[in-house]
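The block underneath contains the structure these notes are about, expressed in structure tokens.
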Amino acid sequence: MRIALIDSGIGLLSTAAALREARPDADLIVSMDPDHMPWGPRTPDDITRRALAGARAALPSDPDAIVVACNSASVHALAALRDELEPAIPVIGTVPAVKPAADLGEPIAIWATPATTGSPYQRDLISRFARDVPVTPVACVGLAEAVEHVDEAAVEQAIADAARLTPPTVGAVVLGCTHYDLVGERISDALGRRPVLLTAAGAVAAQTLRRLGTGPRTDAPRTGSLTVLASGRPASLPDAALSYPAGALLALPPLPAPSRGA
């Protein structure tokens with residue numbers, strides 16, 4: 001089983017790590033776009049072009065599914081990707097965990113990029129899934145970029161700024177950018193470890209396996225390979241990725257496949 005993930009940068013790590021944990025035997029192809037990152041501030045048409053380029057770069061690896069492990073690309077490019085690739089290759093998008101957060105029945109906050117905060121897409125999610133609970137949108141200025149570049153001082157400052165904008169009454173915080181998953185522990189610390197943090201990585205991994213007609217096999221041998229593409233070029237995981245537990249997990253070499261007589 002081969003699964004490709006696309007994003008402009010290392011935000012895809014959390015979803016890739018969730019897939020690696022669920023299916024250690026799956027081959028993963030991570031298609032990043034360092035030549036044109038970040039995607040978030042780009043126009044919808046430009047984001048769509050970049051996402052299509054990332055998916056097309058992965059096609060020679062013959063993926064069984066393609067995961068759009070980026071909130072911005074899921075908003076703007078998912079329809080175009082599905083038009084081009086489905087039904088031959090399932091395409092799975094990333095949706096912030098607004099519904100499960102609202103289902104807890106307490107006030108929630110949504111941490112997202114400035115471009116996503118207040119967007120029609122986010123307003124629609126709130127209208128559909130969180131109409132009955134108070135919602136505080138929090139624009140996390142510079143956090144995704146700081147995480148991407150492992151700028152520790154900038155990460156701490158951006159988290160502190162967002163935490164100050166988060167009401168102490170919230171029971172859950174939705175992480176609306178995949179980059180934020182990589183610093184979830186620090187976000188939780190800044191919020192006093194009281195609100196529940198909800199990310200999309202596990203749900204996206206589970207949906208990917210469902211679309212492939214299978215499920216998790218956490219006890220499978222860790223034989224899955226990792227292929228890295230950087231704007232279409234063969235590459236290795238960037239040093240920044242190895243700074244986070246999800247990247248370190250993906251960097252582990254696969255175990256030898258068991259012999260037929262074993």
- Task: I would like to know whether Ile126 and Arg131 meet side-chain contact (heavy atoms from CB on, under 4.5 Å); could you show each step before the answer?
- Result: CA-CA 6 Å; Ile126 294 169; Arg131 185 176 301 174; over 6 Å; no
- Message: One pair to check against side-chain hydrogen bond (donor to acceptor under 3.5 Å, both in side chains): Thr166 and Trp111. What are the steps and the verdict?
- Response: CA-CA 9 Å; Thr166 304; Trp111 285 30; 3.0 Å; yes
- Query: Can Leu198 be reached from Ile108 by stepping across I, L, V, M, F, W or Y side chains whose heavy atoms are under 4.5 Å apart?
  - Reply: no
- Item | same_hphob_cluster(Leu5, Leu242) at 4.5 Å side-chain heavy-atom cutoff | yes
- Message: Less than 3.5 Å apart, any donor N or O on the side chain of Arg23 or Thr214 sitting next to an acceptor on the other?
- Response: yes
- Task: Quick one: do Glu21 and Arg222 satisfy salt bridge (charged side-chain N to carboxylate O under 4.0 Å, His left out)? Show the steps, please.
- Result: CA-CA 9 Å; Glu21 290 174 341; Arg222 184 169 49 80; over 6 Å; no
- Are Ile110 and Leu182 co-members of a hydrophobic cluster defined by side-chain heavy atoms under 4.5 Å apart? no
- Where do Asp161 and Arg164 land on the salt bridge (charged side-chain N to carboxylate O under 4.0 Å, His left out) test, with the steps shown first? CA-CA 5 Å; Asp161 290 343; Arg164 279 194 292 272; 2.3 Å; yes
- Query: Quick one: does Thr116's side chain have a donor or acceptor within less than 3.5 Å of a partner on Ala112's backbone?
  - Reply: no
- Message: Looking at every non-hydrogen atom in both residues, tell me the closest pair between Ser14 and Asp181 and how far apart they are.
- Response: OG-OD2, 3.0 Å
- Heavy-atom closest pair, residues Leu237 and Val228: N-CG2, 3.9 Å
- Donor-acceptor contact present, side-chain Ser127 to main-chain Asp124, <3.5 Å: no
- For the pair Asp103 and Phe129, evaluate side-chain contact (heavy atoms from CB on, under 4.5 Å) and give the outcome as yes or no after the intermediate values. CA-CA 8 Å; Asp103 287 346; Phe129 300 124; over 6 Å; no
- Approximate separation, where rounding is to 0.5 Å, of Arg56 CZ and Leu81 CG: 8.5 Å
- Look at the side-chain heavy atoms of Ile, Leu, Val, Met, Phe, Trp and Tyr, link any pair under 4.5 Å apart, and say whether Val95 and Leu78 land in one connected group. no
- For Leu19 and Val67 the tightest heavy-atom approach is CD1-CG2, 4.5 Å
- Query: Do you know which two heavy atoms are closest between Gln207 and Ile92, and how far apart they sit?
  - Reply: CG-CG2, 4.0 Å
- Query: Side chains of His36 and Arg42: closer than 4.5 Å at any heavy-atom pair?
  - Reply: yes
